[in-house]
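The chains referred to below are lettered A, B, ... by the order of the sequence lines, with proteins before strands, and numbering in each begins at 1.
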4 protein chains.
Amino acid sequence: MTAAAPPRRTGPVRSEGVRLAILEATARQFAARGYDHLTIEGIAAEAAVGKQTIYRWWGSKSALVAECLVEGMLLPHRLAPPDTGDIRADLTAWVDAVLTLLAEPQGETLLRSIIAAAAENADIGRRIRESLAGSESIVGRLEASIGTAPNLTPGAPFEELSETLVGAIVLRALSRAPREPGDAARIVAAVLGPA
Amino acid sequence: MTAAAPPRRTGPVRSEGVRLAILEATARQFAARGYDHLTIEGIAAEAAVGKQTIYRWWGSKSALVAECLVEGMLLPHRLAPPDTGDIRADLTAWVDAVLTLLAEPQGETLLRSIIAAAAENADIGRRIRESLAGSESIVGRLEASIGTAPNLTPGAPFEELSETLVGAIVLRALSRAPREPGDAARIVAAVLGPA
Amino acid sequence: MTAAAPPRRTGPVRSEGVRLAILEATARQFAARGYDHLTIEGIAAEAAVGKQTIYRWWGSKSALVAECLVEGMLLPHRLAPPDTGDIRADLTAWVDAVLTLLAEPQGETLLRSIIAAAAENADIGRRIRESLAGSESIVGRLEASIGTAPNLTPGAPFEELSETLVGAIVLRALSRAPREPGDAARIVAAVLGPA
Amino acid sequence: MTAAAPPRRTGPVRSEGVRLAILEATARQFAARGYDHLTIEGIAAEAAVGKQTIYRWWGSKSALVAECLVEGMLLPHRLAPPDTGDIRADLTAWVDAVLTLLAEPQGETLLRSIIAAAAENADIGRRIRESLAGSESIVGRLEASIGTAPNLTPGAPFEELSETLVGAIVLRALSRAPREPGDAARIVAAVLGPA
DNA sequence: AACTAAGCGAGACGGTACGTCAAGTCTTAGG
DNA sequence: CCTAAGACTTGACGTACCGTCTCGCTTAGTT
């Protein structure tokens with residue numbers, strides 16, 4: 001007498017190649033057309049995949065985008081602030097880089113699309129905060145720089161400082177404020193206090 | 001020498017009642033269902049209006065929403081900070097009020113919908129900044145309070161301070177950060193400097 | 001006791017120029033685009049006339065077309081059979097002329113449009129019969145030619161003979177039968193009997 | 001050397017049930033409301049089918065009607081002439097039956113709608129001729145009856161004789177001529193020659 | 001001459017249907 | 001049993017015209 005058979009596991013297993021093809025197609029379409037104007041059918045066609053294969057593994061367009069984000073397929077990776085030891089200079093350089101990205105059409109589309117996706121999907125919202133303000137990047141840097149700027153005192157609200165910095169950039173993206181010289185420095189000054 | 005006659009204007013004139021009915025229907029649907037899930041057909045039906053009448057005067061869903069915003073039909077008007085003379089207390093109360101609004105489901109839908117609309121439509125983006133950070137509300141208040149907080153020095157970047165404040169709130173809305181006691185105070189502290 | 005006064009008749013009187021402009025625009029559009037694809041708005045625009053002016057005087061698209069027909073603005077006037085005294089030759093020439101008209105694209109559109117209009121509007125139906133088979137043209141000619149063809153006997157059903165002739169042409173127009181040499185002669189032979 | 005593989009054909013196949021539901025709905029609406037006043041949306045609703053499913057397979061309203069016609073869903077099948085051996089009696093009975101059908105409101109709608117459809121769509125035009133004057137019905141009968149009527153001589157234009165007969169009926173339908181006793185006999189006499 | 005009525009151009013309005021797009025579900029066949 | 005293909009229902013899109021309804025002229029009779 002044999003033990004009950006375990007649930008027989010036959011047939012092919014999920015194809016990693018297919019998964020990647022879908023995510024890459026999503027990323028391409030996302031960058032090219034923005035979050036709205038993404039279509040499942042377009043992604044399926046570009047990935048040479050059946051629609052059902054997408055629906056089987058992701059529940060919605062935004063889940064797809066969220067996974068792209070997690071995989072780092074949407075944002076250029078150069079977006080971490082440099083680390084020269086001078087927190088003000090580092091943040092200023094970083095803000096400036098982001099504002100520069102924002103000044104290019106495809107960068108603008110990209111950032112605003114991520115914002116739109118975040119507005120629609122809670123997961124993406126949570127992820128964007130982690131990915132932009134994650135402890136390894138900004139909050140941690142601020143904590144490590146106590147004493148080097150007026151606002152960086154022991155017990156300062158580092159989380160919130162980080163949020164104001166990123167928030168100011170998000171607001172810029174939304175409001176389409178024209179870029180002006182010194183913007184990055186002024187934003188950093190607003191967060192760290194006067195130089 | 002006479003001026004050229006303006007093109008003779010005959011025929012019925014645009015109906016203000018219809019215009020208002022459409023905007024009100026838009027505002028109701030916007031609050032009830034969010035920016036995506038707005039449909040022109042739904043608005044037309046609720047306003048008891050032909051679709052063409054909407055398309056005649058507005059080119060897109062977002063233009064409709066933008067006009068609603070300008071007319072003040074989307075945001076509760078209580079959203080201006082109080083003015084007791086104590087800038088820190090005033091801003092804290094205001095931030096707290098906004099976070100409270102954000103904690104209610106319909107308030108959250110409303111704010112995130114506005115963000116989504118702004119991400120899609122440049123006009124709305126510009127308007128949201130004016131309406132949230134307009135000189136009469138926050139920037140002006142900061143300038144009028146020079147000397148009462150560490151960051152409010154002569155020559156401080158008041159515009160950017162205002163942006164960081166509003167941006168932090170926008171980021172909160174996007175990231176769905178759970179609300180915690182003292183949030184408002186910490187955000188204001190991040191902007192104004194330590195108490 | 002006097003009769004009630006008739007409704008006082010003041011104001012400008014119906015403009016004949018406007019009436020003609022509308023009918024001409026109708027005829028042009030009818031020939032150019034066919035009966036379906038006629039639009040009141042298109043006619044109004046082409047005639048530089050308000051829509052209401054059309055609706056004031058005609059109740060429907062088909063009434064408009066019917067009046068065009070009555071005014072002879074739709075059919076080329078050359079469509080009466082010649083009269084050389086030889087009924088068979090005359091009818092054959094006439095049928096041939098109509099089939100020739102039918103072989104040109106605009107002639108085909110025209111005839112089929114009239115058929116479509118007749119199918120929709122009783123007035124037009126009646127008119128088409130009068131205008132194509134009116135006593136002055138075919139029935140009369142048949143009656144006047146008694147004895148010159150096998151079927152033209154005293155007491156023959158001249159009305160019906162005329163109908164079969166015209167009907168065969170209508171059927172040709174509907175069925176898009178390709179034209180072949182001798183068609184006209186055969187049709188006439190079918191109606192008049194063998195030569 | 002092998003032939004190129006044909007494009008692999010997978011996926012669900014066209015649903016015959018859906019096709020029939022659409023054609024039946026079309027036939028019902030056609031009979032009930034006439035050719036104009038047919039709407040794709042109405043058919044889709046009655047067939048409980050998406051509009052897109054109709055547009056996927058038929059390019060136009062008239063293509064739909066043409067297919068109905070081919071499937072024999074529009075015309076009552078009793079419309080073939082009887083066959084007693086007496087061609088004059090048979091045709092007279094048939095014409096009489098058609099004129100009777102034409103005297104009922106729904107029969108009139110039906111016939112005129114088919115004419116309207118034929119005027120708009122070439123396929124329908126061709127089909128109506130085949131279906132009304134197909135060789136198995138009238139032309140063949142005439143040929144088989146050579147010698148039994150004045151016009152039925154060897155070498156007579158049987159095609160055209162058939163056309164004049166059917167054409168006369170079509171013209172009747174278009175012209176709304178009131179029906180009178182003896183009409184059928186006179187029409188047949190016009191075609192076959194005097195009795 | 002002032003005072004009515006139309007007639008008329010223009011065009012806003014509530015609707016209906018159009019033909020298209022994409023969504024998400026379901027079905028078939030190949031591997 | 002995963003997958004590509006794609007048929008299916010649903011629902012919204014934006015457009016074209018419909019027929020009705022004001023508007024603000026202009027014009028032709030009264031009074």
Side-chain angles (χ1 to χ4, degrees), chain A residues 8-15 17-18 37-45 47-57 59-61, chain B residues 7-15 17-19 37-45 47-57 59-61, chain C residues 7-15 17-19 21-22 37-45 47-57 59-61, chain D residues 7-15 17-19 37-45 47-57 59-61:
Chain A
R8 191 157 72 92
R9 196 44 201 97
T10 74
V13 93
R14 177 172 186 186
S15 152
V18 162
H37 305 131
L38 264 193
T39 69
I40 298 283
E41 298 206 331
I43 293 169
V49 135
K51 279 197 288 177
Q52 196 56 43
T53 303
I54 297 181
Y55 284 111
R56 192 170 359 256
W57 301 109
S60 66
K61 203 169 68 170
Chain B
R8 189 158 75 93
R9 190 50 200 100
T10 74
V13 95
R14 177 170 185 186
S15 156
V18 163
R19 182 179 151 268
H37 305 129
L38 262 194
T39 69
I40 298 283
E41 297 209 331
I43 293 169
V49 136
K51 276 198 288 178
Q52 198 56 47
T53 301
I54 297 181
Y55 285 111
R56 188 163 18 243
W57 301 110
S60 66
K61 206 169 65 168
Chain C
R8 188 158 74 92
R9 210 17 221 112
T10 74
V13 91
R14 179 173 184 183
S15 155
V18 162
R19 180 178 153 269
I22 292 170
H37 304 130
L38 263 194
T39 69
I40 298 283
E41 298 207 330
I43 293 169
V49 135
K51 279 198 289 177
Q52 193 61 244
T53 302
I54 297 181
Y55 284 111
R56 194 176 356 256
W57 303 110
S60 65
K61 203 171 66 168
Chain D
R8 187 157 76 93
R9 210 9 224 119
T10 74
V13 94
R14 179 173 183 183
S15 155
V18 162
R19 181 181 152 267
H37 304 129
L38 263 193
T39 68
I40 298 281
E41 298 209 329
I43 293 169
V49 136
K51 275 197 289 178
Q52 197 58 49
T53 301
I54 297 182
Y55 284 111
R56 193 175 357 258
W57 302 110
S60 66
K61 205 169 65 168

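In terms of heavy atoms, A21(C) sits closest to A47(C) at O-CB, 3.7 Å. What you find for S15(C) and V18(C) is that their closest heavy atoms are OG-N, 3.0 Å.
Among the heavy atoms of the strands, none lies under 4.0 Å from A44(A). If you check every strand for non-hydrogen atoms under 4.0 Å, K61(A) touches nothing. At the heavy-atom level, T53(D) lies under 4.0 Å from base atoms of the strands shown.
Atom CZ in R14(B) sits about 19 Å away from atom P in dT22(F), given to the nearest Å. The distance between atom CD1 of I43(B) and atom C1' of dG14(F), rounded to the nearest whole Å, is 14 Å. The distance from atom NE2 of H37(B) to atom C1' of dC13(F) is 16 Å, rounded to the nearest whole Å.
A residue-by-residue look at Y55(C) and G50(D) shows that G50(D) has its nearest nucleotide of DNA chain F further toward the 5' end. Nearer the 5' end of DNA chain E, as judged by each residue's closest nucleotide, is the contact made by S15(C), out of G11(D) and S15(C). Closest-nucleotide positions on DNA chain E for I40(D) and E41(C) were compared, and the one nearer the 5' end corresponds to E41(C). Ranked by how close their nearest DNA chain F nucleotide is to the 5' end, P12(C) and L38(B) are led by L38(B).
For the pair R19(B) and W57(B), the cation-pi criterion (under 6.0 Å, within 45° of the ring axis) is not fulfilled.
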- Let me see the working for K51(D) and I54(D) under side chain to side chain contact (heavy atoms under 4.5 Å, CB included), right down to the final yes or no. CA-CA 5 Å; K51(D) 275 197 289 178; I54(D) 297 182; 5.7 Å; no

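Between the side chain of Q52(B) and the base of dC13(E), no donor-acceptor pair under 3.5 Å is found. A donor N or O paired with an acceptor N or O is found under 3.5 Å between the base of dG19(E) and the side-chain atoms of K51(D).
For R56(D) and dC8(F), the shortest distance from a side-chain N or O to OP1 or OP2 is below 4.0 Å. For W57(D) and dC8(F), the shortest distance from a side-chain N or O to OP1 or OP2 is below 4.0 Å.
Note that CG of L38(D) and CD1 of I43(D) are 5.0 Å apart. Values are rounded to the nearest 0.5 Å.
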